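Pasting in a structure now, in structure tokens, and then I'll have a few things to ask.
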There are 2 protein chains.
Amino acid sequence: MKLEDEIQQRAFKNAYQKAHLNVVFTAGWLQQRLAAAFKPYGLTLPQYNVLRILRGQHPKPATVNLLIERMLDKTSNASRIVDKLEAKHLVTRQICPSNRRAVDIRITEAGLELLRQTESLADGQSQGLHNLSAEEAAQLSDLLDKIRD
Amino acid sequence: MKLEDEIQQRAFKNAYQKAHLNVVFTAGWLQQRLAAAFKPYGLTLPQYNVLRILRGQHPKPATVNLLIERMLDKTSNASRIVDKLEAKHLVTRQICPSNRRAVDIRITEAGLELLRQTESLADGQSQGLHNLSAEEAAQLSDLLDKIRD
DNA sequence: TGGGAACCAATGTTGCGACATATAATGTAT
DNA sequence: ATACATTATATGTCGCAACATTGGTTCCCA
């Protein structure tokens, strides 16, 4: 649907304002769909992303610092997201022996299994972008990169 | 900066996955900058957006329903955002005489004045997109519209 | 080696998104 | 007119973002 109709706004000041709103609105649209896909598994998107990072490290542990570095949202509260995952026994937390300030966080077998079950979800959702051609998707990425230059 | 560096991820499965992440990441980047611009004025972005809608209606009142319809995020809690604005005397709330279920919400003079002071902020931020040409911005919007088709 | 700087994680607070439920007012059908 | 559905808003709960602060640990160097 055209942005004008989605947000009930008739006109935009210029192409920049419209593109700005469109990026924000489309991101929300994508995230909402993705979150809905993970909901049946009791996972929120931030929790899913942390699990993915932990799987990437497996069987090595990760620290909270490493999670923050790797997360899309640097200012999120990784520590409290790990709380939730720990309560669901999807990760373990253990004081790092070589540096007792840090905490070793590891994904459990249950966590790995849950990721296996949800394997196709994220890809499936990215394929919501398949009304674009691969070239258009690449072009979109380039334009977005340019914004943040 | 290139997305790969921003999120410390070396490779993407395909152009679709990369574009998906890039939309989400760029939206967060834009919103964070915009929120920072409004912070000195004690306004959050949802509060600002509600004020803008109310100015659009002024001097007619708006209802909570109308706010929800017009907001980017339909599932937000408009009622509680109005609470915050009311506490800051930027809006007034009054039971609608002709339909006592509804509530007439109006922007106050203080609210209008605050919008005047922040007039340039949103535009200024959209101009963060000015490393794009107007054509590129339009093209970006078209690609995003296509995603949501 | 003693003390302050730097580091790492946890916690407290505020505001919002998502979702379910409550409460009150209005509309409608018989 | 009464019962029932519908509408409009408010409220409760959970999880997360943003930001500040705290507490414990390690580092470094004078």
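Chain letters run A, B, ... following the sequence lines, proteins first, then strands; residues in each count from 1. Keep in mind that the numbers below use all heavy atoms, side chains included, and drop hydrogens, waters and symmetry copies. What you see is a predicted model; the values in this text were computed from it and never measured.
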Please list, for nucleotides 26-28 of chain C, all pairs of protein and nucleotide N/O atoms separated by less than 3.5 Å.
residue: C:dT26; atom: OP1; partner: B:R100; partner atom: N; Å: 3.1

Note to self: Under 4.0 Å, heavy atoms only, any strand: does B:N77 hit a base, just the sugar-phosphate, or nothing?
What the structure shows: base
For B:S141, does its backbone N or O pair with a side-chain atom of A:K18 as donor and acceptor, under 3.5 Å? no
From CE of A:M71 across to P of D:dC16 the rounded distance in Å is 10 Å
For B:N65, the side-chain contact (heavy atoms from CB on, under 4.5 Å) test, sequence neighbours excluded, returns B:T63
Numerically ordered, the residues 79-96 of chain B set in heavy-atom contact under 4.0 Å with DNA chain C is B:R80, B:I81, B:K84
Of B:V103 and A:A78, the one whose nearest nucleotide on DNA chain D sits closer to the 5' end is B:V103
What residues 33-70 of chain B contributes to the DNA chain D interface at heavy-atom separation below 4.0 Å is B:K39, B:T63, B:V64, B:N65
Contacts of A:E135 meeting salt bridge (charged side-chain N to carboxylate O under 4.0 Å, His left out) (sequence neighbours excluded), chain-then-number -> none
Residue pairs meeting ring pair (Phe, Tyr, Trp, His ring centres under 6.0 Å), one or both in residues 27-56 of chain B, sequence neighbours left out, come to B:F38-B:Y48
Hits for salt bridge (charged side-chain N to carboxylate O under 4.0 Å, His left out) against A:K146, two or more places apart or cross-chain, chain-then-number order -> B:E136
Joining Ile, Leu, Val, Met, Phe, Trp and Tyr whenever any side-chain heavy atoms lie under 4.5 Å apart, the cluster holding B:I95 also takes in none
Atom CG of B:D73 and atom P of D:dA17 are separated, to the nearest Å, by 15 Å
Contacts satisfying salt bridge (Lys or Arg N to Asp or Glu O under 4.0 Å) that involve residues 48-58 of chain A (not counting sequence neighbours) are A:R55-A:E119
Here the ring pair (Phe, Tyr, Trp, His ring centres under 6.0 Å) pairs for residues 78-125 of chain B, sequence neighbours left out, are none
Residue set satisfying side-chain contact (heavy atoms from CB on, under 4.5 Å) with B:V82, at least two apart, ordered chain then number -> B:L67, B:V91, B:R93, B:I105
_Electrostatic pair B:E109-B:R116, nearest N-O below 4.0 angstrom_ = yes
Residues pairing under ring pair (Phe, Tyr, Trp, His ring centres under 6.0 Å) where one sits in residues 102-138 of chain B, two or more places apart or in two chains, turn out to be A:Y16-B:H130
task = Tell me whether the OP1 or OP2 atom of C:dC16 has a side-chain N or O from B:S76 closer than 4.0 Å.
result = no
